[in-house]
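Since the structure comes first, as structure tokens, the remarks are kept for the end.
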Amino acid sequence: MPEKPYNHQEIELKWSGRWSADRSLYKADDDGSKPRYYVLEMLPYPSGRLHMGHVRNYSIGDTLARYQWMRGYDVLHPMGWDAFGLPAENAAIKNKRHPAEWTVSNVAHMKKQLQRMGFAYDWDREVSTCTPEYYRWNQWLFLRMMERGLAYRKTSLVNWCPECATVLANEQVENGCCWRHETTPVEQRELDQWFLRITAYAEQLLDDMKQIEAGWPSMVLTMQRNWIGRSEGAEVDFGLKGSEEKIRVFTTRVDTIYGATCVILAPEHPVSRRLCQGELAARLKAMVDDQGRKDPENLVKEGFFTGHTAVNPYNGAEIPIWVGNFVLWGYGTGAIMAVPAHDERDFEFCTKYSIPIVPVIRPADGELAVNPAEAFTGYGVMENSGEWSGLTSEEGRRRMSEKAEREGFGKASITYRLKDWGVSRQRYWGTPIPVVHCKACGVVPVPDDQLPVVLPPDVEFTGRGKSPLANLKSFLNASCPKCGSAAQRETDTMDTFVDSSWYFFRYVDPQNTALPFDPAAVKPWFPVDQYIGGVTHAILHLLYSRFWCKVMRDIGLVSVDEPFKNLFTQGMVQLNGQTMSKSKGNIVDPDEMVEKYGADTCRLFTLFAAPPEKNMDWNESSVEGQYRFLTRLYKWVTRNADASEGDGAGDARALRKLHQTIRKLTSDFDNRWHFNTSIAALMELMNELQACETSMSAAVRRECASTLVLLLAPFAPFAAEELWEVTGHTGPVFKQRWPAFDADLAREEALEIPVQVNGKLRGRITAAHGSTREEQEQAALGDEKVQAHIAGKQIVKTVVIPGKLINIVVKG
RNA sequence: GCCCGGGUGGCGAAACUGGCAGACGCAACGGACUUAAAAUCCGUUGGCCCGAAAGGGCCGUGUGGGUUCAAGCCCCACCCCGGGCACCA
């Protein structure tokens with residue numbers, strides 16, 4: 001057969017046409033006849049265009065999915081859209097385009113791009129989170145959480161732009177100012193908002209890491225562990241002099257409490273507001289609104305005395321109460337006792353404001369400091385601490401919190417850095433929170449049979465005032481489900497992280513109208529065998545998904561503790577060392593490359609450029625190489641699929657390389673996914689096959705040709721499918737059996753063993769398979785070049801690693 | 001500041017368990033084909049040195065030390081780059 005030119009346009013057009021016509025092609029059988037394998041890639045936000053990060057993520061996932069099909073698994077490989085979110089609404093404000101319309105057209109375009117790449121998704125399972133069919137289950141699940149006390153309302157601060165008179169998302173705050181009013185400082189306003197009680201699951205989220213340790217990158221688990229930030233200490237009530245009121249502080253070092261020289265409140269603390277009247281009230285508001293506090297790196301510690309006095313419950317000492325900008329309202333109790341002698345931050349603060357420094361802990365092998373120049377933060381022995389003096393810090397911590405508990409002014413306590421998840425958004429483009437506010441009955445859940453609470457289409461987007469939903473009477477006005485009297489709908493919508501916290505369950509049963517999904521249908525597919533996505537989601541999305549899974553388990557919907565057995569985090573695609581992002585304007589669009597070289601080349605290139613877990617700087621100068629490789633391969637296979645007889649002298653050599661390549665690729669897939677080396681191995685095979693092309697027998701040529709196509713199939717599906725057909729085969733190539741390697745055929749004819757003298761390479765010997773250590777050593781000693789380096793010297797030692805290396809150590 | 005990654009030719013990288021550093025590809029250079037160019041094919045390509053050549057020697061994986069017959073890989077100290085966390089009491 002004469003060789004054919006590689007026409008990627010023609011080939012990719014032909015096969016994408018056939019593939020999209022056959023909806024059953026990438027369907028999971030889901031009948032239990034084969035072992036199942038669930039490959040999941042993080043669903044994209046439909047920003048409008050695919051970017052290289054998506055291409056990389058989905059190329060990795062698709063390559064794995066196709067490999068697992070070839071290994072005989074029943075593969076579930078779905079795709080969907082994280083379709084709610086702020087950009088759609090910003091577009092609506094700026095361009096007067098409805099978010100729904102904007103989103104739908106973006107989805108349509110991106111779906112075409114994905115199909116153009118040849119990604120093998122079961123599109124019948126497509127999920128788009130902005131459809132009522134999907135978000136109704138967000139609402140349903142939210143109600144279940146309310147029933148369990150896991151969803152609750154609490155007053156909380158939000159960013160507020162006085163110019164727009166609207167709430168701003170954190171990402172709409174730029175340098176402390178509004179994104180649309182660059183000179184208007186953002187203020188903090190109090191609002192009643194909805195929270196999910198993720199902290200109730202903090203211990204489980206930590207404990208269950210045991211179950212996934214083997215399959216997740218340890219870095220991600222470490223990041224989550226730090227994020228949860230478990231910390232053991234004590235809560236203690238300080239009295240407020242002249243009142244019955246108490247101020248509760250959290251400390252990990254109750255053993256230092258005799259050294260407390262003031263109490264410092266977070267500016268947001270309700271007690272701060274009560275104690276700061278008149279002139280102080282203005283100072284307090286300024287501190288609350290100060291956006292500089294969100295940038296802890298440059299925060300200068302500041303505070304002021306409230307004029308009030310606190311009483312230490314252990315020794316009755318009276319100390320001043322301050323407000324400090326570095327005290328976090330969101331952590332612990334929002335109030336601290338300052339022990340400047342034993343805490344660096346307190347030391348800095350108290351030094352600045354000339355508050356006394358009282359050392360009460362001495363190092364186990366040292367003296368108590370006098371006028372210390374810095375805080376001593378280590379554990380040690382307690383001094384000047386009344387009845388506790390002489391105890392170690394560890395013992396003091398334990399016994400002092402026992403006393404607090406016994407006498408009712410405190411307790412041992414575990415605090416988490418993790419906060420409850422604020423899910424309220426004062427936005428339109430999200431899932432409406434399904435409750436109604438009734439004057440008589442309070443907050444009333446919308447009954448299940450009235451779900452979904454649908455987003456009304458006819459709203460106005462001004463970017464001003466309250467949420468667009470709050471301005472729409474037809475949405476706002478409702479009757480109370482309990483008493484029937486006039487009531488108002490909740491106008492907050494849910495954080496979009498809710499949408500992405502459980503979508504991977506819905507894929508299994510995407511059309512279900514009675515439940516989020518049928519537990520029995522979901523069970524055999526979980527946990528997900530392989531989840532793949534950007535390391536940028538290491539904390540929020542992956543933590544929320546783990547939390548949501550546990551809640552759904554407690555509701556009885558799922559039977560696993562953890563949703564993802566294995567996680568792979570790909571590296572970022574960067575340009576000149578910078579993360580690609582819209583704001584930097586350095587997004588690279590794959591279309592141009594696909595147009596010029598084809599999807600196969602594009603896929604090979606993204607996999608070849610770097611190992612998948614590493615960051616990859618975008619530089620397409622080597623893309624030509626991938627195209628050349630595919631061209632050479634394509635020509636070779638078409639030329640040799642039906643070739644004339646050679647003398648067979650090259651058969652062994654070709655088969656050896658072929659089986660070595662099968663072994664290499666199989667091990668890359670099963671162990672470490674270094675597809676860059678897999679593709680390099682395919683190139684080496686190609687080079688070898690070209691070298692012995694004329695000396696191969698027809699049978700071996702055919703075998704090499706078709707096996708090569710199978711090995712290529714996971715990486716370059718279009719070319720592989722075309723070649724599979726050209727070589728006279730039928731059936732989709734990715735449903736063929738992955739080739740098995742033959743260790744005998746893969747073995748080199750003879751061993752070539754490097755010989756070193758004093759650790760420097762001096763020669764090589766060849767040895768037969770199965771030759772003994774002694775034979776190899778003798779051959780090495782007899783080698784001419786080696787002789788030249790050991791002549792006249794004394795052999796101290798010979799190291800022989802049979803079949804690998806020989807090192808002769810000489811001296812003199 | 002703390003916790004992770006990483007640093008190897010002109011470039012992307014490889015070296016899988018301490019055992020031949022630089023596979024594979026890009027770029028570059030030389031050659032073949034061509035009126036010419038592109039494409040393609042063949043060859044060279046870490047640096048320095050000796051040699052007419054065949055060939056040979058020395059150096060070389062961020063820096064400095066160490067362990068070892070043997071170190072890109074292990075240990076100690078440090079420098080640089082990337083990421084995460086960061087007044088979390």
Side-chain angles (χ1 to χ4, degrees), chain A residues 217-220 222-227 229-231 233 249-254 256 264 266 293 295-297 299-301 324-328 330-339 342-346 348-349 377 415-419 535-536 538-539 571-572 574 577-579 604-605 608-611 613-626 628-629 631-632 635 664 667-668 671-672 674 676-687 690 752-764 785 788 796-801 804-810:
Chain A
S218 55
M219 180 178 66
V220 174
T222 304
M223 284 165 71
Q224 291 201 356
R225 212 172 277 123
N226 292 341
W227 187 261
R230 185 182 194 276
S231 163
V249 305
F250 172 73
T251 176
T252 54
R253 292 297 302 274
V254 70
T256 66
I264 311 177
R293 293 179 67 215
D295 176 19
E297 200 169 349
L299 182 69
V300 180
K301 285 186 184 55
N325 65 347
F326 68 103
V327 178
L328 303 171
Y331 181 77
T333 61
I336 63 165
M337 61 176 201
V339 184
H342 302 295
D343 181 286
E344 284 166 18
R345 299 152 300 181
D346 298 345
E348 189 190 331
F349 186 84
T377 59
T415 293
Y416 301 91
R417 208 195 78 106
L418 181 72
K419 294 176 214 164
V535 69
T536 36
I539 298 174
M572 291 182 297
Q574 300 175 314
Q578 298 227 291
T579 323
L604 279 177
F605 173 71
F608 183 76
E613 74 279 6
K614 272 187 64 177
N615 286 353
M616 157 181 158
D617 202 65
W618 187 254
N619 179 349
E620 42 178 273
S621 63
S622 79
V623 69
E624 295 271 0
Q626 307 309 310
R628 280 201 275 265
F629 164 62
T631 306
R632 281 196 302 143
K635 288 182 180 170
K664 162 81 178 141
S667 125
D668 277 346
N671 299 321
R672 54 174 209 166
H674 277 200
N676 53 330
T677 65
S678 310
I679 294 166
L682 282 172
M683 289 172 167
E684 281 187 58
L685 172 61
M686 194 63 248
N687 294 342
Q690 268 180 339
E752 190 183 66
I753 305 170
V755 184
Q756 300 177 334
V757 177
N758 286 350
K760 288 186 177 170
L761 182 70
R762 296 302 183 186
R764 279 168 215 283
K785 289 172 188 160
V796 180
K797 175 176 189 178
T798 335
V799 182
V800 182
I801 317 294
K804 271 268 180 188
L805 176 134
I806 296 164
N807 189 12
I808 300 161
V809 186
V810 296

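Note that the structure is a prediction, hence the values are computed from the model and not measured. Values below: every heavy atom of this structure, side chains too, minus hydrogens, waters and symmetry copies.
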Remember a base hit wins even if backbone is also touched, and classify [X] as base, sugar-phosphate or nothing at under 4.0 Å, heavy atoms.
X	result
A:Lys635	nothing
A:Lys419	nothing
A:Val249	nothing
A:Asn615	sugar-phosphate
A:Val809	sugar-phosphate
A:Arg230	nothing

Just name whichever nucleotide pairs with [N], Watson-Crick or G-U, keeping both distances under 3.5 Å, else none.
N	answer
B:C74	B:G66
B:U45	none
B:A32	B:U40
B:C11	B:G25
B:C87	none
B:G82	B:C4
B:G51	none

Could you tell me if A:Lys301 sits above the aromatic ring of A:Phe326, with its cationic atom closer than 6.0 Å to the ring centre and no more than 45 degrees from the axis? yes
Calculate the interatomic distance between [X] atom [atom1] and [N] atom [atom2]; express it in whole Å.
X	N	atom1	atom2	answer
A:His674	B:A13	NE2	P	12 Å
A:Phe326	B:A89	CZ	C1'	9 Å
A:Glu348	B:C87	CD	P	13 Å
A:Ile806	B:C20	CD1	C1'	12 Å
A:Met219	B:G84	CE	P	10 Å
A:Asn758	B:C20	CG	P	17 Å
A:Met337	B:A89	CE	P	12 Å

CE of A:Met683 to CG of A:Leu604, rounded to nearest 0.5 Å, is 7.0 Å
Pairwise distance NZ(A:Lys797) to CG(A:Asn758) - rounded to 0.5 angstrom: 12.0 Å
Going 5' to 3' through nucleotides 21-33 of chain B and flagging B where a protein heavy-atom sits under 4.0 Å of the base, S where only the sugar-phosphate is that close, and - otherwise, we get --BBSSS------
Quick check against the 3.5 Å criterion: does [X] have a side-chain atom that pairs as donor or acceptor with the backbone of [Y]?
X	Y	answer
A:Asn676	A:Ala609	no
A:Asp343	A:Val339	no
A:Asn325	A:Val300	yes
A:Arg762	A:Ala788	no

Decide, for B:G5, between syn and anti: a glycosidic angle within 90° of 0 counts as syn, anything else as anti. anti
Report yes if a side-chain nitrogen or oxygen of [X] is closer than 4.0 Å to either non-bridging phosphate oxygen (OP1 or OP2) of [N]; otherwise report no.
X	N	result
A:Arg762	B:G57	yes
A:Lys785	B:G56	yes
A:Lys614	B:C81	no

Rounding to the closest angstrom, what is the interatomic distance between [N] and [M] at atom [atom1]?
N	M	atom1	answer
B:G19	B:G72	P	10 Å
B:A52	B:U34	C1'	35 Å
B:G6	B:C73	C1'	14 Å
B:A14	B:G65	C1'	29 Å
B:G43	B:C33	C1'	15 Å
B:C85	B:G10	C1'	38 Å
B:G46	B:G9	P	13 Å
B:U45	B:C29	C1'	8 Å

Report yes if a donor N or O on one partner sits less than 3.5 Å from an acceptor N or O on the other, where the partners are the side chain of A:Lys301 and the base of B:C87; otherwise report no. yes
Return yes if the base of B:C20 and the side-chain atoms of A:Arg764 contain a donor-acceptor N/O pair under 3.5 Å, otherwise no. yes
Contact nearer the 5' end of RNA chain B, comparing A:Gln690 with A:Thr222: A:Thr222
A:Val300 or A:Pro754: which one's nearest nucleotide on RNA chain B is closer to the 5' end? A:Pro754
Which nucleotide in [options] has an atom nearest any side-chain atom of [X]:
X	options	result
A:Arg417	B:A86, B:A89, B:C87	B:A86
A:Ile539	B:G84, B:G12, B:A89	B:G84
A:Leu805	B:C20, B:C87, B:A89	B:C20

Applying side chain to side chain contact (heavy atoms under 4.5 Å, CB included), name anything that partners A:Thr222, two or more places apart in sequence or on another chain. A:Arg225, A:Asn226
May I ask you to test the A:Lys664-A:Thr677 pair for a side-chain heavy-atom distance under 4.5 Å? yes
Testing the basics here: between A:Gln626 and A:Phe605, what is the closest heavy-atom pair and its distance to 0.1 Å? CG-CA, 3.8 Å
